[in-house]
Colleague: 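I am attaching a structure below and will ask some questions about it afterwards.
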Amino acid sequence: MGSILLVGYPLLAIVFCAFVASRRRCDLLVLLHALLHSGLGIQAFVQRGSVLEMDDLGLFMYLILSVLYSAIAFYRIGQKEKISIRDYRIHSIFLMIFVMAMDGATMAKDMGLIWIFVEATTISSALLISYSNKKSSLEAAWKYLFICSVGIALAFAGILLLVIAQPSNATLNIANIDYASISPLWLKISFVFILIGFGTKMGLAPLHFWLPDAHSEAPAPISALLSGALLNIALIPILRMDKLMQYSGLGYVAQNLYLFMGFLSVFIATVFILKTKDFKRMLAYSSIENMGLIMIAFGLGTSAYAAGYLHILGHSFVKAAFFLIAGNALSIYQDKNFENLGSLLRINKGSAWLWLIASAMIIGLPPSPLFTSKFMIAAVLISKGHYLYFSLLMLLLAVISWGIFNIGLKICLGESDRRVKLNAWLYLAPAGLLLIAGLIGTFLPVLD
Amino acid sequence: MINLVFILVFPLLFIGIIPKVKAIMVGRKGKPVLQSIRDFVKLLRKDEILSEHSTFISKIAPSLALVCTLVASLFVPFVSTHTLLGFVGDFILFVFLLSLAKGVMALAAMDCGSSFQGMGTSRELSFTAFLEPAFFLIMATLIFSVGSGSMAQIFAQQGILYLNIWDVFAGLFIAVALFIMLLVESARVPFDDPATHLELTMIHEVMVLDFSGFNLALINYTSALKMFIYSSLICHLILPVGSSILWYLILLILIYILVGMLESLVARFRMNRNLELVLVPLSIALLTLAALIAKNMGAW
Amino acid sequence: MLEILIVIFGFSLLWASVTNMLGTVIKILVIQGVILFCITLLKTTQLNWLSFSLIALETLIFKAILIPWFIDDTIKHNQIRREVEASVSNFFSLALMSLIYVFSFVLAASAPVWSLKVFPLEFGIAFATILKGIFIIIANKKLITHLMGYLIMENGIFLLSLSAGTHLPYIVSLGVSLDIMLSVLIAVLFIKRIRSTFNDADSPQTLREE
Amino acid sequence: MSIGILLLILTIIPALWKRSGYFVILWVLGSAFLAFEYMEVLYSRSLQEFIITMSPPVGIVNIALNKLSAFFGVIFSLGLPLGMFYGHYYLKEHPTKDLCSHLFWLGLMGISMHCVLWIRHSLVFLMFWELMSLSSFFCVLNSKKENIQAGLNYLITMQIGAAFLIAGFVLTYLSSGTFDFSGFEDMNPIPMYLILIGFAFKAGVFPFASWLAQAHPVAPSHVSGIMSSMLIKTGFYGILLITSLNRFSLREIAAMTLIFCVSAFWAVSHLLFERNLKRALAFSSVENVGIAGMGLCAGLLGIHAHMPAMALLGFTGVFLHLFFHSIFKAHLFYTSGNIFLATASLDIDEMGALAKRMPYTALMALAGIMAISALPMTNGFISEFTIFKAVFETPDAALITYILPSLLILICLAFIGALGMIAFLRIYAILFLGAPRSSLSKSAKEQKLGNRLPVFFLTLAILITGIFPNIALRFVKPLLRWFDLDMQQFALLQSLSLKITYVYLIIILLSALLLVIRRLCIKEKIGSTWACAYPKVNPRMQSSSLTYIQPLAYFLKPITYKKCTHVKAQSAFPTNIEYHEEHPDALWDFIVKPATKVITRFFALFNRIHNGKTNSYIAWVLAFLVFALIWVVGFK
């Protein structure tokens, strides 16, 4: 019943949105959708499986998505966009389709269904990115669409190979695949294809090239949703396949690949955080770095899964908040190259302090859950004896934190007498997210 | 208690011997031995002139320095080997009291804002940087060879047992080191010529250039007292245990005469050569300590 | 009959790696669409004739007719120069094509027990098409050739799903074709907008780490 | 204890409304409660414990106070309110733009310093440890653009230090099974070394101490005062925690002695040549940590060689030195703050004759300078006296292996003591005495009472604990019993300190007598400086900071790193001759800068892979696909 509601309402909302005149009503519709979304999520969390049929992993991602979506809905109310009502209407419609597609991906259990929904998210978000049809955002959208659809096509090839790998009654529902009779070779090949397919969607190292362009060109709420929720949604199929690989005894193959891609992503992120001049690209690279850390966590075997989930939770909240704050900064400065910015602390004290706190939390200083997850990753790394990897990782993270804080401080400090006032909503959404992340960081909820 | 009397009267008296010896060496008659005491009494009654830059420090520094040196000398065995104050490890307090006196004088010197005093203080302090560790090493050697205790016990009660050659070797070397320290501390010839008039070459004298009257008297008395302390330490080190006071006085005068002869025979060292020589007591002490440890280890 | 069709499909790939005219590439796409239509027809059995006939019809319409017409129309409209400026010479792409064939057939043959439904030939050709599609994208700078490489890859995947998919629930293959069509439509829309903002045919390269 | 913490947390409210007055009052109240709590734990009850259970990965977190943390707790709960009090007046004179955030971070730093002492669970301890570094980073930053470089260096050094700590704690967790500090009981060497290095980062030991010399000069004086007198102590608290729980082999003790000696020498060699007042004080913190470390090594040697006297004296020296150092270091930093407020510059060569214009500060600074150069009558001397006595206990033992390290300690301690004294006499002489060297020092005027009050309290503390050392000894006594060192040696030490008090009283009496005589029968006349009748003595002729130690520099040439720009005279009639000398931090120039250059250049190699062409991105996808396939299929 819940899923029908979840799909029904957006369709109705889209129809209304098409006719509604003012921008406020669009926001209202989006807000209603977000509240419904999170309401259902909480109810599903309270009585497991009653409202929405999804397993724990799906519910976990669903809850993150609903929190982010409501934050973004509030943020949009505060935003003053100088674009025509027609574009704004299209933008809201596609936003709702985008969220609906992501809900579908969390609910689907059959790999084929997940594939379709992830493909749907790519298409709907491509249009959202090219929203301010500047030259660069159009190009970013095209690259995003093209590379992701190539990746998704490879993923589909992987799913087909999965079917081939099962001699008897082949089924795509991970739960009821019989592990004994599956042929290891085909399973390995299909896993590689699926990992690469959804890896491009998730922005892991060698396949990440679209991510900095897409996230830095997209408007603030969209890039927050992209990096906060979409990257996790792309992780769902990989985790489902990972469970399959564990049971069929090929876990070590998957873990080696995860570790390789994880370390490569953290390395690439370090290279480009030091180089980039644009603070939104810096945020995109730090998403790549955190996705790399998550993959390292999953690559270290079952003991580090808790760290992986905690890292996903922490990263999506803090990163989404950071993107919204970057949006505020962009609306103040209208220029992304951080070298000729400065003295945000004087211009707008609120967003400056939000910026500094968010950058402190993103590099994993105590209030944020990333600290505990980094500690656990380090613990498992050392317990497995990879001392070299541990020291390498710590060095890379230190360099990244230098880069992030260097940019943050260059933007925030300095003297200027320009004063800019921003709408209250613009602070509420990121501050709320950071608060949730802080609470999670201190009280560390029990993760299954 | 006799020590106290000894401290108050004798330092200025013995200081008079040195110019007398220098004069005789050259064939002159020299000023009378009691002249320094007369100067001291004359200065006590004179008024003082203070520079307009001077602060409260130049008022209190000379008296504080004198008092510190006086109290430090209470630890040292002079005529009688029982000192007024004394506890195990009191030589640490002794050294630090002397460095307090020197420190306060260094500050007071810089107080009148002329460049001479700065030059003098910098040289004086660079000496102390090497004398303090030297003194601690000397004490370590003595404690190692003789056993720990208060300064009185170490220098007076134990002294050198002439029958054991190792004690003689250690004792004599330490005596030489102490003698060099005496020369440096009281600004005698090889390091600093008290009789020179060229401020650029002075070390101790130029620090006190700006003091006059009562303070100058105190300063002269302090430097005389310091020299007296060191010479008494040397005497007690050389004299075997339990020798009579007469021997002690003769040895004391002998040391002063030696200093006087040294002043007339040896020329001053160049300024940076000076600093290299200040390292000599440190190296002697280190050498003897190493030899004693090696002996203990049964190397020989 | 099935094998002959697949071999022709293989030849069309070889032909694609040799041509340097955009027009011929479109012709190849049409031929591949027709072959796929015939394969789906051949594979329909009584059990699932309804779903497969629907898919066959749909492949015919989209793959053989609609998309090539669309691309042809965009080429005419935006005066893109006719040739395929491949960054590598034809000989090299042909050599690479044969290498891809070798690689895919080794992979197909290396599967230990062949009790599965997939014939090595079908899997080999499908896998080669996928790699060939990606290679075409890499080799060329022009936007249109990127799209065509993508379509060839889609055909390869569709062939793979056909060969594996006899038991596949038809919903997925339907979904496949639908998705492909949708993405191509969006891509073509994009090309129109990109054409209007960027005036040259090459894919834009402004976003880079200077 | 909870009331105390509650009050401290409540201080955030006045902080956010910029009421620094109420902020300080609440801080004083909270610290009073805490001090009472710490005293109670120190003197009566052994452990004060309660448990917080957290979710599985963290497990049971027990919060407990042992005597060691209570000792440091007392120092914090006395020092922090004083620092806040001084900060309140300092910020009134020298306001920063956003006061509320500064006060918030200051409060957070204080709270996390207290919490670090209680937590007995390594993960939560690490959390508060990082929180402390973060809040002190923001305090040091003080939202000024020129502080970015120093702040960033500070943050990254703390990150690397935390990485060492993480490695160490994880290894102990693996070997002992629990996150609890009880796991630190005689743990195997590698984790112990890692944790010690991690703590050494914060304590400011040689190779990792260059952040200290950069962070302190830029931070506002009350922050640098709090940091150098108390924050560094948390690092040393960690080191003491580890040493109290495990036994060390002789080689380890010798290595620690060497490190502490080198660290003290490195610090003194910089301290001698330093022109910036606060940088000099930062270096002297490193030197004093080195001295405390030497005392620690003497104590450890005593335990290892079963010489109870040496062990007791060594550890008494350490605790006394830490306690006294936090007093006189805070005193000196607040004085430098006052000087900065008066003359708006920290370069000592621009000062001079401040004693005339700021008589009270000069008098109190004299006490501080005497304390830090360990001259008698002040508390600095007592701790150094105890450490010296500990070292002099060794000669009775025959074994050479014990004599060598103690000899090393003796020589280093003596040298460093002497050089330290010279350095601080130089600073005092050039700052306060002589003629004013620049217009800044001419226009200096005495600070208001608020600024001088904390300095006055600290001077009082210096003199009282200096002249009556028994007070401090009684404060340290329960801690020594906790370290189970024998107590009748302690009784000997107490009688000794009584004798020292008598000596001081005699000195005071005699000098008072002498001064009274002088006052009565001597008339003073003020004339111009004699200086051998040279008429026009202008202030520039006075010896500057570098000429003051030029003869000594002749000796220290091999170990000092000097950068000088020298424009020689080109022609017979030279137009401009210029000589500029500076003594940067050798450690930073030769190790850290080249390392960062190599890292950035290595990363720059990979810049071109993101070249904007779509087909190159797809090429990466294909390459990775082929690579993964070969890798997966390759390995059977």
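The chains referred to below are lettered A, B, ... by the order of the sequence lines, with proteins before strands, and numbering in each begins at 1.
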Colleague: Are the side chains of B:Val88 and D:Phe392 in contact, using a 4.5 Å heavy-atom criterion?
Modeller: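 D:Phe392 vs B:Val88: side chains apart.
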Colleague: Pick one of side chain, backbone, both or neither for D:Leu513, based on which atoms fall under 4.5 Å of a heavy atom in chain B.
Modeller: neither
Colleague: Sort D:Leu407 into side chain, backbone, both or neither according to what part of it lies under 4.5 angstrom from a heavy atom of chain B.
Modeller: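 Side chain of D:Leu407 only, per the 4.5 Å heavy-atom cut-off to chain B.
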Colleague: Hey, are the side chains of B:Phe75 and D:Val503 touching, using non-hydrogen atoms and a 4.5 Å cut-off?
Modeller: yes
Colleague: Enumerate the residue pairs fulfilling salt bridge (charged side-chain N to carboxylate O under 4.0 Å, His left out) with a member in residues 278-289 of chain B, sequence neighbours excluded, ordered by first and then second residue.
Modeller: none
Colleague: Hey, are the side chains of B:Gln117 and D:Ser543 touching, using non-hydrogen atoms and a 4.5 Å cut-off?
Modeller: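 The answer is no; the side chains never approach within 4.5 Å.
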Colleague: Name all residues meeting the side chain to side chain donor-acceptor pair (under 3.5 Å) criterion together with D:Arg518; count only those two or more places apart in sequence or in a different chain, and write none if there are none.
Modeller: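 Partners of D:Arg518 under the side chain to side chain donor-acceptor pair (under 3.5 Å) test: B:Glu48, B:Asn215, D:Glu524.
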Colleague: Among D:Gln542, D:Lys499, D:Lys523, which residue forms the greatest number of heavy-atom pairs with chain B at distances under 4.5 Å?
Modeller: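 The answer is D:Lys523.
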Colleague: How far apart are the closest heavy atoms of B:Leu100 and D:Met370, and which atoms are they?
Modeller: CD1-CE, 3.7 Å
Colleague: For the NZ atom of B:Lys59 and the CD1 atom of D:Ile522, what is their distance to the nearest 0.5 Å?
Modeller: 13.5 Å
Colleague: Could you walk me through whether D:Leu375 and B:Val104 pass side chain to side chain contact (heavy atoms under 4.5 Å, CB included), step by step?
Modeller: CA-CA 10 Å; D:Leu375 294 177; B:Val104 165; 5.9 Å; no
Colleague: Heavy-atom distance under 4.5 Å between the side chains of B:Glu132 and D:Phe415, does that happen here?
Modeller: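 B:Glu132 vs D:Phe415: side chains apart.
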